[in-house]
Undergrad: 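Before I ask anything, let me first share the structure, which is written out below as structure tokens.
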Protein chains: 2
Amino acid sequence: MTKPFTSVWAREPRRPRSSGLGREQIVAAAVEMLDAEGLESLSMRKLGARLGAGATSLYWYVANKDELLELAMDEVWGLVEVPDPDRATWREVTTSTAYGLRVVLLEHPWLANLLGRMPMAGPHAFAMSDRLRRAFVRAGFTGLDVYLASGTLMGFVLGQVIPEIGIRQVSKDGRYDPATLVDVVERVAADYPEMRADFRQTVEMDPEAARAMAFDFALLCLLDGLAARLVAAGVAESSGQPADNGVPERR
Amino acid sequence: MTKPFTSVWAREPRRPRSSGLGREQIVAAAVEMLDAEGLESLSMRKLGARLGAGATSLYWYVANKDELLELAMDEVWGLVEVPDPDRATWREVTTSTAYGLRVVLLEHPWLANLLGRMPMAGPHAFAMSDRLRRAFVRAGFTGLDVYLASGTLMGFVLGQVIPEIGIRQVSKDGRYDPATLVDVVERVAADYPEMRADFRQTVEMDPEAARAMAFDFALLCLLDGLAARLVAAGVAESSGQPADNGVPERR
DNA sequence: ACCTGAACACCGTTCAAGT
DNA sequence: ACCTGAACACCGTTCAAGT
């Protein structure tokens with residue numbers, strides 16, 4: 001009860017008045033800088049400079065850096081497209097949401113670094129979750145299962161993409177170049193011949209294709225698993241609108 | 001070819017000689033501090049002080065802070081217990097690995113913040129992956145599917161746990177207290193009545209139990225999905241040793 | 001071979017002071 | 001109401017110098 005509200009989402013933004021500064025432009029500029037330079041190199045000072053303002057001016061619009069990051073994060077959740085659940089089967093909606101979310105995360109890798117540090121509690125995040133929810137409701141999930149199913153899908157994508165980002169990050173920073181990374185893995189994996197064999201197979205592939213393959217495999221698992229939940233609950237599959245078979249064949 | 005090796009894993013550690021300092025004690029102390037105070041508040045200066053050394057002495061054993069974090073991370077992967085794949089069904093092995101990994105991540109939340117920043121390329125990480133691999137081989141997966149299946153399981157756990165950590169973090173930092181968090185969500189979710197209803201249901205539960213339920217639901221999906229992959233590949237299920245039915249009933 | 005201190009170029013945030 | 005600059009208490013890392 002001492003400090004009743006300490007969240008960005010609970011406070012009216014300061015008026016987007018006259019001058020160049022305002023919450024919206026600050027957040028927009030922050031997102032741009034984060035995309036361009038990464039989480040590590042965003043500083044209040046640089047951001048201020050970029051907006052032609054003193055570093056400390058930002059504190060009029062935002063309580064601290066973490067709040068700014070929360071706002072930036074939610075901004076990006078707004079970019080994830082979730083198809084209208086009324087115009088596609090649930091498998092289509094979930095599949096395309098998963099791919100869309102993956103792309104957004106890869107384009108804004110700093111998101112991944114923030115997720116373990118603050119919750120997704122902004123309006124865009126909620127809008128996204130709600131659209132996903134509706135897809136699962138139409139699929140036939142009921143009660144808490146709707147909530148559980150959408151959490152499962154969100155988590156799934158995060159878990160697939162975050163390690164991928166970790167790898168990319170390290171080569172973008174120039175810490176490892178790709179050749180070194182291969183070399184390192186070869187060396188550390190020396191004790192595990194089968195792992196090394198698998199690793200070599202994937203190295204020969206286009207790395208993009210290799211990651212996409214892994215994502216597809218995992219997504220297929222998840223969707224089949226979700227479908228199994230429906231069957232267990234006694235719901236007939238194929239609740240989709242478009243008659244032309246929305247359920248992709250399995251393998 | 002300019003800088004042939006820039007990875008911790010590619011360089012011999014400096015000799016763990018005489019004095020108190022040495023790579024091992026540095027890493028151990030770092031893990032302790034990370035567990036106690038979190039990623040944000042670990043500094044080379046504080047770590048040095050704790051070891052009774054000048055901050056800059058650490059640079060004899062470690063190229064930079066990121067390398068130290070890489071070492072700390074791998075140290076913790078060593079704590080994940082993966083049961084012997086020869087003594088349990090694959091469902092048992094994967095289930096208990098998933099739970100074990102979840103516990104380790106929750107106990108060392110800074111891990112989650114690091115995963116999107118550097119790859120899991122240390123020896124302990126590889127040892128863990130290899131044990132997981134063997135479980136999937138015994139289950140009947142072949143070729144690249146072994147690699148894909150274990151990546152799927154690892155990713156799954158990360159994705160489930162990372163958002164959970166984000167929420168905990170924010171209340172541990174004293175940024176939101178739990179009551180505020182509920183309030184914030186109520187406010188932002190005001191436009192989505194069904195979501196709010198679900199949210200209320202979970203708030204009434206013990207939060208620990210709510211998260212565990214979500215994890216169980218998602219894990220069940222994943223395992224059913226993996227099993228579906230096996231069926232699609234024409235492998236008979238139940239490859240387990242112990243005859244007494246390793247496959248848990250569905251729901 | 002190992003450790004140090006001073007120094008450099010940064011941080012986020014507070015706050016009195018300005019307009 | 002909005003913005004500023006100086007100031008505080010920090011960072012990681014380099015490097016010449018010590019033992």
Side-chain angles (χ1 to χ4, degrees), chain A residues 3 6 8 11-27 29-30 33-34 37-72 110 113-114 117-118 169-170 173-175, chain B residues 3 6 8 11-27 29-30 33-34 37-72 110 113-114 117-118 169-170 173-175:
Chain A
K3 290 187 295 176
T6 52
V8 225
R11 206 168 27 245
E12 287 302 310
R14 239 103 191 211
R15 306 171 324 170
R17 279 267 162 217
S18 50
S19 104
L21 237 46
R23 203 181 244 199
E24 283 177 25
Q25 17 264 309
I26 293 176
V27 173
M33 286 192 68
L34 286 164
E37 317 220 32
L39 184 57
E40 312 273 54
S41 40
L42 176 74
S43 78
M44 299 301 268
R45 289 170 144 95
K46 283 195 228 166
L47 182 57
R50 172 183 184 120
L51 290 163
T56 58
S57 310
L58 309 176
Y59 286 87
W60 181 256
Y61 298 95
V62 137
N64 51 42
K65 193 184 180 182
D66 268 6
E67 264 201 20
L68 175 60
L69 291 174
E70 250 177 300
L71 291 165
W110 47 274
N113 299 248
L114 253 26
R117 229 166 77 184
M118 49 185 61
Q169 209 84 324
V170 107
D173 296 355
R175 245 151 56 66
Chain B
K3 289 189 297 177
T6 51
V8 225
R11 207 169 27 247
E12 287 302 310
R14 240 104 191 211
R15 307 171 324 169
R17 278 267 163 215
S18 50
S19 104
L21 238 46
R23 203 182 245 196
E24 284 177 25
Q25 16 264 308
I26 293 176
V27 173
M33 287 192 68
L34 287 164
E37 318 221 29
L39 184 56
E40 312 274 53
S41 40
L42 176 73
S43 78
M44 299 301 269
R45 289 170 144 96
K46 284 194 228 165
L47 183 57
R50 175 186 182 114
L51 289 162
T56 57
S57 309
L58 309 175
Y59 286 87
W60 181 255
Y61 299 95
V62 138
N64 51 42
K65 194 184 180 181
D66 268 7
E67 264 201 20
L68 175 59
L69 291 174
E70 251 177 300
L71 291 165
W110 47 275
N113 300 252
L114 255 26
R117 228 165 80 187
M118 49 186 59
Q169 209 85 326
V170 109
D173 294 358
R175 244 150 57 66

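All figures in this text were calculated on a predicted structure; none of them were measured in a lab. In what follows, every chain begins at residue 1, and chains take the letters A, B, ... in the order their sequences are listed. All values below were derived from every heavy atom in this structure, side-chain atoms included, with hydrogens, water molecules and symmetry-related copies excluded.
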Undergrad: Quick one: B/Leu58 CG to D/dT14 C1', roughly how many Å, whole number?
TA: 14 Å

Undergrad: Within the 4.0 Å limit for protein heavy atoms, which parts of nucleotides 6-13 of chain D are touched? Write it as a string from 5' to 3', B for base, S for sugar-phosphate only, - for none.
TA: BB---BBB

Undergrad: For C/dC3, take OP1 and OP2 only and decide whether either is under 4.0 Å from a side-chain N or O of B/Trp60.
TA: no

Undergrad: Report the distance from atom CG of B/Asn113 to atom CG of B/Leu34, rounding to the nearest 0.5 Å.
TA: 10.0 Å

Undergrad: Going by heavy atoms in the side chains, are B/Ile26 and B/Leu71 under 4.5 Å from each other?
TA: no

Undergrad: Hey, could you give me the CH2/CG distance between A/Trp110 and A/Leu42, rounded to the nearest 0.5 Å?
TA: 9.5 Å

Undergrad: Could you state the CD1-P distance from B/Ile26 to C/dC2, rounded to the nearest angstrom?
TA: 12 Å

Undergrad: With sequence neighbours left out, write down each residue that passes side-chain hydrogen bond (donor to acceptor under 3.5 Å, both in side chains) with A/Arg45, or none if nothing qualifies.
TA: none

Undergrad: For B/Glu37, what residues pass the side-chain contact (heavy atoms from CB on, under 4.5 Å) criterion, not counting sequence neighbours?
TA: B/Met33, B/Ser41

Undergrad: Please enumerate all residues that pass side-chain contact (heavy atoms from CB on, under 4.5 Å) together with A/Thr56, with sequence neighbours excluded.
TA: none

Undergrad: Please give the distance between the C1' atoms of D/dC10 and C/dC8 as a whole number of Å.
TA: 15 Å

Undergrad: Under the side-chain contact (heavy atoms from CB on, under 4.5 Å) rule, collect the residues that match up with B/Asn64, sequence neighbours excluded.
TA: B/Asp66, B/Glu67

Undergrad: Could you give all pairs that pass the salt bridge (charged side-chain N to carboxylate O under 4.0 Å, His left out) test and reach residues 48-65 of chain A, with sequence neighbours left out?
TA: A/Glu32-A/Arg50

Undergrad: Which dot-bracket string fits DNA chain C when only Watson-Crick or G-U wobble pairs with both atom distances under 3.5 Å count, crossing pairs get [ ], and | stands for a partner on a different strand?
TA: ||.|||||...|||||.||

Undergrad: Respond yes when some side-chain nitrogen or oxygen of A/Tyr61 is under 4.0 Å from OP1 or OP2 of D/dC3, and no when none is.
TA: yes

Undergrad: Between C/dC11 and D/dA7, how many Å separate the two C1' atoms, rounded to a whole number?
TA: 14 Å

